[in-house]
Amino acid sequence: MSDGRRLPRSFYRRPTLVVARELLGKRLVHVDRGRRLSGWIMEAEAYIGQEDLGCHARVGRTERNRSMWGEPGHAYVYFTYGMHWCLNVVTEVAGRPAAVLLRALAPAEGIATMRRRRALRLRSPSARSAQGSRLSARSDERLADGPAKLCQALGIDGRLDGHDLCRAGARLFIEDAQAVPRRAIVRGPRVGLDGVPEPWKSKPWRFWADVTNRVS
DNA sequence: GTAAGGATGCGCT
DNA sequence: GCGCATCCTTACG
């Protein structure tokens with residue numbers, strides 16, 4: 001087993017669907033003020049090239065989506081809905097805009113920090129204190145189960161756009177971990193592309209780890 | 001437990 | 001100006 005080894009650039013320099021599927025079970029790490037915040041990747045979506053009308057790159061190269069055109073193994077972090085950051089990892093080769101959106105993590109390290117960060121985002125003071133002081137493992141599972149939530153929990157924002165995940169000393173990177181068994185991986189259409197024309201809207205380019213054995 | 005609607009600001013036409 | 005790769009709160013059962 002190779003737990004703890006940082007994924008090399010060659011991992012990302014492959015077809016985006018392969019990278020998206022193989023990212024499941026890997027560990028995303030943000031070293032924040034010297035402390036590791038991390039979680040296992042549970043859900044990911046592929047966005048593949050200018051021809052993919054669900055991909056930000058469909059409009060051509062712009063200041064916002066510039067990172068997607070760069071070398072694989074870099075972060076593409078964008079801002080949306082007036083308040084949320086989302087994290088992608090760039091794939092394939094420089095010059096071809098393709099990336100994998102990380103949509104959900106199972107929290108691993110730094111859970112107390114994640115709780116605090118997420119609680120600060122909540123609107124009502126009563127919800128804040130209730131959520132912030134809750135210690136249930138059940139609610140901790142949900143700390144990073146959305147693309148904007150995982151960025152909030154790990155403290156990822158636009159300052160990390162373009163960050164090289166493969167460079168020695170990187171503060172944001174992905175570590176190898178035991179692969180999710182093929183039969184436990186589910187795929188389906190990507191989320192939030194209601195206005196996108198077919199066939200792109202229905203491409204089954206979303207992958208997630210099936211967790212039907214969850215204790216209830 | 002699910003469903004509906006508001007928040008919020010930047011990128012792009 | 002419009003629309004967005006979203007999340008949270010409230011209401012209802």
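Sequence lines set the chain letters: A, B, ... in the order given, protein chains first and strands last, and positions in each chain run from 1.
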Give a yes/no on whether any side-chain N or O of A:Thr80 is located under 4.0 angstrom from OP1 or OP2 of B:dG9.
no
Between B:dG11 atom P and A:Arg58 atom CZ, what is the distance in whole Å?
15 Å
Indicate whether OP1 or OP2 belonging to C:dT6 is found under 4.0 Å from a side-chain N or O atom of A:Arg103.
yes
Could you check whether A:Leu193 gets within reach of a base, just the sugar-phosphate, or nothing at all, counting any heavy atom under 4.0 Å?
sugar-phosphate
Tell me: CG of A:Leu143 to P of C:dC7, nearest whole Å?
13 Å
Please work out if A:Arg64 contacts a base, only the sugar-phosphate, or nothing of the nucleic acid, heavy-atom cut-off 4.0 Å.
sugar-phosphate
Flag this pair as yes if the NZ/CZ of A:Arg66 is under 6.0 angstrom from the six-membered ring centre of A:Trp69 and inside a 45 degree cone about the axis; otherwise no.
no
Output the rounded distance in Å from OH (A:Tyr78) to C1' (C:dT6).
9 Å
Kindly determine whether A:Trp205 and A:Arg190 satisfy side-chain contact (heavy atoms from CB on, under 4.5 Å), including the steps that lead there.
CA-CA 6 Å; A:Trp205 289 355; A:Arg190 295 172 292 182; 3.6 Å; yes
Take the protein atom CZ of A:Arg206 and the nucleotide atom P of C:dA5, then report the distance between them rounded to whole Å.
15 Å
For C:dA5, does either OP1 or OP2 sit under 4.0 Å from a side-chain N or O belonging to A:His56?
yes
From B:dG9, B:dT13, C:dC7, pick the nucleotide closest to the side chain of A:Phe79?
B:dG9
Could you check which nucleotide pairs with B:dG9 in any of the strands shown, counting Watson-Crick or G-U wobble with both distances under 3.5 Å?
C:dC4
Expressed as a whole number of angstroms, how long is the span from A:Glu63:CD to B:dT13:P?
15 Å
Of A:Phe79, A:Tyr47, A:Tyr78, the residue whose pairing with A:His56 passes ring-ring contact (aromatic ring centres under 6.0 Å, His included)
A:Tyr78
Among the candidates C:dA5, C:dC7, B:dC12, find the nucleotide nearest to the side-chain atoms of A:Arg118.
C:dC7
I need the CZ-C1' distance between A:Arg66 and B:dG11, as an integer number of Å.
14 Å
A quick test of your reading: do over 12 heavy atoms of other residues, nucleotides or ligands sit less than 6.0 Å from CZ of A:Arg167?
yes
Side chain of A:Met83: nearest nucleotide among C:dT6, B:dC12, B:dT8?
B:dT8
Counting distance only, does the side-chain N/O of A:Arg58 pair as donor-acceptor with the main-chain N or O of A:Cys55 below 3.5 Å?
yes
How many whole angstroms separate atom CH2 of A:Trp85 from atom P of C:dC7?
15 Å
Going by modelled atom types, is there a donor-acceptor pair between the base of B:dA7 and the side chain of A:Tyr81 at under 3.5 Å?
no
What is the distance, to the nearest angstrom, from the CG atom on A:Asn88 to the P atom on C:dT6?
11 Å
Closest nucleotide among C:dA5, C:dC7, B:dT8 to the A:Lys149 side chain
C:dC7
